[in-house]
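Heads up: numbering here begins at 1 and tracks the sequence. Below, each value reflects all heavy atoms present in this structure, side chains not excepted, and no hydrogens, waters or symmetry copies. Only a predicted model underlies this, so the values are computations on that prediction, with no experimental measurement involved.
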Amino acid sequence: MSVPKSIHHLRILKEFSNKPNKKMTDYERYLINYLSLPTARKIIKELIDENLISCQASTFDKRIKLLTVIESNYDKFI
């Protein structure tokens with residue numbers, strides 16, 4: 001298990017830990033309050049690569065990606 005690299009990684013884990021199957025755009029909109037869109041996308045990709053959140057395509061529209069936080073105990077990273 002790896003450790004999140006910044007406060008923004010922890011913000012994502014905290015905000016969406018109890019909200020499964022949210023759209024990737026919801027994650028992006030949340031992070032845009034703190035960062036630019038390219039940086040927000042980079043952080044989301046890093047979390048997916050580190051297996052802290054999972055990504056799956058929607059059953060209704062394959063273009064929509066649904067994200068779910070796998071590691072909901074974000075306190076252990078603080």
For residues Glu28 and Ala40, report the shortest heavy-atom separation together with the two atoms involved.
O-CB, 4.5 Å
I'd like to know if Tyr27 and Tyr34 are part of one continuous hydrophobic network [Ile/Leu/Val/Met/Phe/Trp/Tyr, side-chain heavy atoms within less than 4.5 Å].
yes
Please report the shortest heavy-atom distance between Met24 and Cys55, naming the atom on each side.
CE-SG, 4.4 Å
Would a 4.5 Å heavy-atom cut-off, applied to side chains only, mark Ile32 and Leu37 as touching?
yes
Near Asn18 CG, under 6.0 Å, is it more than 12 heavy atoms from other residues, nucleotides or ligands?
no
Give, for atom CD of Glu46 and atom OG1 of Thr39, the distance between the pair rounded to the nearest 0.5 Å.
10.0 Å
What residues, two or more places apart in sequence or in another chain, satisfy side chain to side chain donor-acceptor pair (under 3.5 Å) together with Ser58?
none
Are Arg11 and Tyr30 in a cation-pi contact, defined as NZ or CZ under 6.0 Å from the six-membered ring centre and within 45° of the axis?
no
Quick one, Ile70 and Leu52 - any side-chain contact, counting heavy atoms below 4.5 Å?
no
Please examine the side chains of Leu67 and Ile48, heavy atoms only from C-beta on, and report whether any two atoms are closer than 4.5 Å.
yes
Gap between atom CD of Glu15 and atom NE2 of His8 - 0.5 Å precision
14.5 Å
Check the hydrophobic clustering (I, L, V, M, F, W, Y; side-chain heavy atoms under 4.5 Å; chains of links allowed) and say if Ile44 and Leu66 are grouped together.
no
Please enumerate all residues that pass salt bridge (Lys or Arg N to Asp or Glu O under 4.0 Å) together with Lys23, with sequence neighbours excluded.
none
Lys45 side chain near Arg41 side chain, heavy-atom distance below 4.5 Å:
no
The reported gap from CG in Leu31 to NE2 in His9 (rounded to nearest 0.5 angstrom) is 9.0 Å
How many angstroms lie between NZ in Lys19 and OG1 in Thr68, if you round to the nearest 0.5 Å?
13.0 Å
Heavy-atom closest pair, residues Leu13 and Ile53:
CD2-CG2, 4.3 Å
